Amino acid sequence: MSLDKQLAETLVRTGMLAPGDAVLVGVSGGPDSVALLHFLHEIAASLRLRLEVAHAEHGIRGDESRDDAEFVRGIAAGLSLPFHLTRLELARPGRDRRSGNVEALARERRYRFFAEVAAQRKIARVAVGHNHDDQVETMFMWMLRGCGPEGLRGMPAVRPLARDVAGAEEAVLIRPLLDVSRGDILAFLESRDIEHREDRTNRDTRYLRNWIRLNLLPGLRDRSDGGLEERLGRLGGMLRSDNALLERWVAEVYPRVAHGDALDRAAFLGLEPDLRARMLRFWLGRGLGTLRRIGFVHVDAVLKVIEAAGPHGSVSLPGSWTVVREYDSVRLVRSAGASRADDYCYALLLEGEVEIPEAGVRVTAWRSDSRELPEGGFEAAFDLTQLERGGGKLRMRNFRPGDRLRPLGMTGHKKLKDLFIDLKVPRSRRRTLPLLLAGEEILWVPGCARSDFATVEPDTGAVWRVRISWRPPMPARWHDGSPSVDLGRSGSY
């Protein structure tokens with residue numbers, strides 16, 4: 001089947017493009033991306049596509065790289081299409097410029113550039129020229145690196161482009177050529193007398209992909225009875241179907257094992273052991289935004305921490321992230337020193353709202369005539385007359401070493417550190433949890449306890465109320481006790 005017919009079928013079957021779409025085409029100058037651009041240009045009028053061209057010049061091949069950029073610029077000009085160029089500085093002193101690390105860095109920065117252009121130009125589709133041969137090579141690459149079934153499924157035809165580039169959240173990466181062989185692409189270019197450039201590094205077998213293409217696959221073809229690529233393509237398709245089914249299952253079950261951004265250890269351990277690793281990868285993917293640098297060794301280490309008998313544990317992950325287990329709560333946090341919150345303190349008026357970004361909360365205060373006691377632990381009520389008589393300035397601040405509270409219904413003071421331990425408040429929450437103070441007296445620890453000062457009684461006149469709203473909303477069950485813990489008289493908040 002000809003390239004244009006194959007591509008037309010792929011676009012219809014996958015729904016990659018719709019009439020009126022804006023498409024940014026990543027063009028390196030090689031045969032695949034040049035063929036893709038010309039094909040999309042041929043159908044642009046009938047589908048009312050708005051095409052633009054992007055090229056990332058990585059400089060690894062010196063003058064040849066710069067010539068590639070000018071070649072692509074010329075193609076875009078010849079087709080009267082907008083052209084976007086970036087030059088990436090990837091060389092590292094003392095490092096092999098052709099190393100796999102540099103190649104991976106180039107790919108990461110190239111896609112980031114595409115995402116930035118897509119956001120600026122309000123483009124929802126970014127097309128690249130990976131073909132069927134690339135798909136087979138990718139499957140072998142991941143297999144040799146020790147991947148699981150997710151790696152053997154190969155590259156998806158459609159995937160989100162970038163979640164961490166503002167404005168590009170809705171953009172998707174599409175690969176229209178994934179069902180097309182390299183031979184058919186070259187035949188298409190020859191039939192239309194379309195020029196393209198060849199990257200001499202594609203012959204360098206120090207790259208794993210090139211070694212697979214030039215050494216491994218030819219040998220396998222010689223030992224098989226033909227149809228190697230087709231068989232591997234079918235295998236990838238079956239694995240993609242199976243993986244899609246499992247991903248739907250994980251997405252459905254996930255709310256049962258997670259509360260907000262935290263895994264519930266007991267619920268997680270209630271899963272079938274063979275499914276825990278997949279659920280864990282799903283959770284990590286949500287938190288990190290990508291699993292590119294997460295391997296089996298990391299997943300296994302996190303599983304061991306979750307399954308261990310002790311109440312605490314942690315595992316460091318690439319990118320300055322740490323998985324922290326605190327009792328039955330498992331969280332993904334920035335490693336120590338990467339995102340530790342600074343001390344904060346905010347003045348609080350009797351009426352109004354205060355945003356506390358360090359804690360991710362909004363504090364709302366108001367006067368009330370109602371003596372009805374709060375039902376949850378994230379709202380407190382005080383006798384306004386006693387509060388004003390106390391004379392201390394109202395403020396919200398985070399926990400400091402040595403903080404003490406005079407708990408309701410108890411004599412004497414209690415260290416907040418001991419209170420947090422008793423209530424199994426995760427260490428990662430203790431630092432940012434907002435405390436309500438009047439002067440130097442701690443009145444309230446949201447979700448944990450309040451002091452015995454200015455309690456609402458039957459003869460109380462005016463009441464002052466304060467409420468904590470988590471932004472984004474936080475689940476009620478955020479520690480291993482109940483949402484609001486009563487240390488004395490029930491309901492006297």
Side-chain angles (χ1 to χ4, degrees), residues 148-151 153 156 159-160 163 169 239-292 294-315 317 321-334 359-361 375-378 420 423-430 432-433 446-448 468-485:
E150 290 182 341
R153 64 182 176 171
R159 72 163 176 82
R163 296 186 177 92
E169 297 88 351
L239 288 171
R240 284 191 291 275
S241 296
D242 291 347
N243 191 72
L245 178 63
L246 288 171
E247 284 182 341
R248 287 196 296 272
W249 174 85
V250 168
E252 291 174 0
V253 175
Y254 181 76
R256 306 179 204 167
V257 301
H259 300 287
D261 61 351
L263 279 181
D264 183 308
R265 176 176 177 268
F268 179 82
L269 294 180
L271 300 175
E272 290 288 335
D274 290 340
L275 296 173
R276 291 174 188 170
R278 180 172 286 271
M279 179 63 75
L280 186 58
R281 286 175 61 83
F282 180 83
W283 176 69
L284 288 172
R286 283 171 61 98
L288 298 173
T290 178
L291 292 173
R292 185 175 296 278
I294 303 300
F296 282 123
V297 62
H298 304 113
V299 174
D300 287 345
V302 175
L303 282 173
K304 288 178 181 177
V305 166
I306 295 175
E307 295 168 354
H312 301 291
S314 64
V315 176
L317 299 178
W321 288 94
T322 301
V323 172
V324 178
R325 176 188 160 198
E326 298 163 322
Y327 302 104
D328 266 354
S329 178
V330 183
R331 297 184 181 277
L332 183 65
V333 300
R334 282 288 188 182
V361 303
E375 296 182 356
F378 296 115
F420 289 151
L423 299 179
K424 296 184 179 181
V425 177
R427 292 175 182 171
S428 58
R429 293 294 182 195
R430 299 174 193 175
T432 57
L433 183 66
C448 296
I468 296 290
S469 302
W470 300 90
R471 304 176 61 81
M474 193 176 197
R477 188 182 183 279
W478 61 278
H479 54 61
D480 290 336
S482 60
S484 56
V485 180

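Source: prediction; values computed, not measured.
A search for salt bridge (Lys or Arg N to Asp or Glu O under 4.0 Å) contacts involving Arg240 returns nothing, not counting sequence neighbours. Listed by chain and residue number, Tyr327 satisfy the side chain to side chain contact (heavy atoms under 4.5 Å, CB included) test with Pro311 (two or more places apart in sequence, or in another chain). Considering only residues two or more places apart in sequence or on other chains, Ala308 meets the side chain to side chain contact (heavy atoms under 4.5 Å, CB included) condition with Arg325. Annotation: ring pair (Phe, Tyr, Trp, His ring centres under 6.0 Å) contacts of Phe268 (sequence neighbours excluded): none.
Ion pairing between a basic and an acidic side chain is recognised when a charged N comes within 4.0 Å of a carboxylate O; Glu307 and Arg276 show such pairing.
Nearest heavy-atom pair across Asp264 and His259 is OD2-NE2, 3.3 Å. The two residues Asp328 and Ala266 have their closest heavy-atom pair at OD2-CB, 4.1 Å. Residues Val330 and Trp283 share a closest heavy-atom pair of O-CZ2, 3.5 Å.
A donor-acceptor pair under 3.5 Å links the side-chain atoms of Arg265 to the main chain of Ile306, judged by distance alone.
Summarising the geometry, atom OG belonging to Ser329 is positioned 11.0 Å from atom NE2 belonging to His312; distances are rounded to the nearest 0.5 Å. Put simply, CG on Leu284 and CE on Met279 are 12.0 Å apart, with the number rounded to the nearest 0.5 Å. Expressed to the nearest 0.5 Å, how far CZ of Phe282 lies from CG of Leu263 amounts to 10.5 Å.
Side chains of Arg331 and Val323 form no contact here, defined as non-hydrogen atoms less than 4.5 Å apart. The side-chain heavy atoms of Leu433 and Phe420, taken from C-beta on, include a pair separated by under 4.5 Å.
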Report task. Check the pair Thr322 / Leu332 against side-chain contact (heavy atoms from CB on, under 4.5 Å), numbers first and verdict last. Result -> CA-CA 6 Å; Thr322 301; Leu332 183 65; over 6 Å; no
Pairs of donor and acceptor atoms involving the side chains of residues 294-305, under 3.5 Å and at least two apart or interchain, shall be tabulated with distances.
{"from": "His298", "atom 1": "ND1", "to": "Gly295", "atom 2": "N", "distance (Å)": "2.9"}

Give every donor-acceptor pair under 3.5 Å between a side-chain atom in residues 243-255 and any protein atom, sequence neighbours left out.
{"from": "Asn243", "atom 1": "OD1", "to": "Arg278", "atom 2": "NH1", "distance (Å)": "2.8"}
{"from": "Asn243", "atom 1": "OD1", "to": "Arg278", "atom 2": "NH2", "distance (Å)": "3.2"}
{"from": "Asn243", "atom 1": "ND2", "to": "Glu247", "atom 2": "OE2", "distance (Å)": "3.0"}
{"from": "Glu247", "atom 1": "OE2", "to": "Arg153", "atom 2": "NH1", "distance (Å)": "3.4"}
{"from": "Tyr254", "atom 1": "OH", "to": "Arg286", "atom 2": "NE", "distance (Å)": "3.4"}

